[in-house]
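What follows is a single structure, written as structure tokens, with notes after it.
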Amino acid sequence: MRRSLLTWYQHQGRDLPWRGESDPYKIWVSEIMLQQTQVKTVIPYYQRWFKKFPTLEELARADQQEVLKVWEGLGYYARGRNLHKAAQKIVKDYGGIFPQTLEQVLKLPGIGRTTAGGILSAAFNQPVSILDGNVKRVLARLTALLVPPNQALSQLWQWSDQLLDSEHPQDFNQAIMDLGATLCTPKNPACLLCPWQKHCQSYLEGLQNQLPMREMTSPLPHKNIGVAVIWNEQGRILIDRRLEGGLLGGLWEFPGGKLEAGESYEDCIRREIQEELGIEVEVGDRLITVNHAYSHFRITLNVYHCRYLGGEPQAIECQEIRWVTLDEIDQFPFPKANSQIIAALRDQNYPRASNQG
DNA sequence: GATCCGTGGGG
DNA sequence: TCCCCAAGGAT
């Protein structure tokens, strides 16, 4: 059974930029980028990353803002922040040499059991099992698991451990992930091409399109947000850097906040700007409305041009604030929903600028 | 153990 | 348009 998978992998495995790579730094970066993120999305970010941070030492020396700028658009920004923190820890604790024991690797921020197994098997051919989304799906189908995978994690880890080819852990882990990504897909699995067809309980029972069982999901709540593009008399815009811990931590944004019951967007924006920045603004024309879905809620950004009236801007509910021109704004990492606001500002501003000469 | 944490693409 | 889900980890 292991042999049939490895033979399939030898002929049908994907050719990916990090395959055959022996530098643990490069393996590590690929594993972090691939968390909850498809290969196609990762590849351009992966290439760009090493132009900016060719070595682990250069990553450790970088400023967090540079790291987040390269990560901009990839999402789950704690991954980028943790990559940076872990690089500094590796330089400090291990002399810049990526650690090679499971215990040490698991202590690095952003690395859990699956990522640790992925790194140790891919970089050092160590027999450490993994349980990513692909493996969960493959094993759930293989065994015809009758509960959602996340309700049977200890069982799935046992199966992953038992199946792992201890003679070829590097290729085996890559192979089972490729199987899940290319044949044993979430919808319409290509069972006729599968090397494990004869071993697959779901296929034998005709259940491959019913399994794995779905996880329980609750409907996403929706929030309406008032957002301010605050202009001063020099034609600069006020942006703020979000607090470290939570959603989009460390990224820049246009200030604003949640609309309260019975409140107009004008009132909301004046209130939020006073609370967060301690300044007064006049709310003007609506610039754009942006709908965006995060992983656990949806928002509508109602964006208004505002005029700065007075008060000294203070970083009350953020890390930092800055007045910037539209030309400078590209230097700062912004979340995706905000990039639509920037695009709208450009569209609107260029004709204005040309009219003014 | 349940929640939080982004974004893009497919059906 | 809407829902699903993708190389998960931290709290």
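Chain A is the first sequence line, chain B the second, and so forth, proteins listed ahead of strands; every chain is numbered from 1. What you see is a predicted model, and the numbers here were worked out from it, not measured in a lab.
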Given atom [atom1] of [X] and atom [atom2] of [N], what is their separation to the nearest angstrom?
{"X": "A/Gln38", "N": "B/dG8", "atom1": "CD", "atom2": "P", "result": "12 Å"}
{"X": "A/Glu72", "N": "B/dG6", "atom1": "CD", "atom2": "C1'", "result": "13 Å"}
{"X": "A/Trp28", "N": "C/dG9", "atom1": "CH2", "atom2": "C1'", "result": "15 Å"}
{"X": "A/Tyr294", "N": "B/dG6", "atom1": "OH", "atom2": "P", "result": "8 Å"}
{"X": "A/Met216", "N": "B/dT3", "atom1": "CE", "atom2": "C1'", "result": "15 Å"}
{"X": "A/Asn134", "N": "C/dG8", "atom1": "CG", "atom2": "C1'", "result": "12 Å"}
{"X": "A/Gln174", "N": "C/dA7", "atom1": "CD", "atom2": "P", "result": "12 Å"}
{"X": "A/Leu153", "N": "C/dG9", "atom1": "CG", "atom2": "P", "result": "11 Å"}

Would you tell me if any nitrogen or oxygen in the side chain of [X] comes within less than 4.0 Å of OP1 or OP2 on [N]?
{"X": "A/His292", "N": "B/dG6", "value": "no"}
{"X": "A/Arg298", "N": "C/dC3", "value": "yes"}
{"X": "A/Gln36", "N": "C/dG8", "value": "yes"}
{"X": "A/His296", "N": "B/dT3", "value": "no"}
{"X": "A/Tyr77", "N": "B/dT7", "value": "yes"}
{"X": "A/Arg81", "N": "B/dC5", "value": "no"}

Looking for any heavy atom pair under 4.0 Å, which part of the strands does [X] touch: base, sugar-phosphate only, or nothing?
{"X": "A/Ile299", "answer": "nothing"}
{"X": "A/Glu215", "answer": "nothing"}
{"X": "A/Arg242", "answer": "nothing"}
{"X": "A/Gly73", "answer": "sugar-phosphate"}
{"X": "A/Gly118", "answer": "nothing"}
{"X": "A/Trp18", "answer": "base"}
{"X": "A/Leu248", "answer": "sugar-phosphate"}

Between B/dG10 and C/dA7, how far apart are the P atoms? Round to whole Å, please.
-> 14 Å
Considering only the C1' atoms, how many Å lie between C/dG8 and B/dG1, rounded to the nearest integer?
-> 16 Å
Parallel, tilted or perpendicular: rings of [Y] and [X] (30°, 60°):
{"X": "A/Phe98", "Y": "A/Phe124", "result": "tilted"}
{"X": "A/Phe50", "Y": "A/Tyr46", "result": "perpendicular"}
{"X": "A/Trp196", "Y": "A/Phe172", "result": "tilted"}

For the side chain of [X], counting heavy atoms from C-beta on, which of [options] is nearest?
{"X": "A/Lys187", "options": "B/dG6, C/dA7, B/dG10", "result": "B/dG10"}
{"X": "A/Arg79", "options": "C/dG8, B/dG6, C/dA7", "result": "B/dG6"}
{"X": "A/Thr115", "options": "B/dG11, C/dG8, B/dG6", "result": "C/dG8"}

Answer whether the closest heavy-atom distance between the side chains of A/Ile279 and A/Glu312 falls below 4.5 Å.
-> no
Where is the tightest heavy-atom contact between A/Cys184 and A/Arg141, given as atom of each residue plus distance?
-> SG-NH1, 3.1 Å
Examine the base of B/dG6 for any acceptor or donor lying under 3.5 Å from a partner atom in the side chain of A/Thr37, and report the outcome as yes or no.
-> yes
5'-most contact on DNA chain C: A/Leu34 or A/Leu106, nearest heavy atom basis?
-> A/Leu34
Could you say whether A/Ile111 or A/Asp178 is positioned toward the 5' end of DNA chain C, judged by the nucleotide with the nearest heavy atom to each?
-> A/Asp178
Under 3.5 Å, is there a donor-acceptor pair between the A/Thr7 and A/Gln10 side chains?
-> no
For A/Glu66 and A/His84, does a side-chain donor sit closer than 3.5 Å to a side-chain acceptor?
-> no
Between A/Lys336 and A/Lys40, name the one whose nearest nucleotide on DNA chain B is closer to the 5' end.
-> A/Lys336
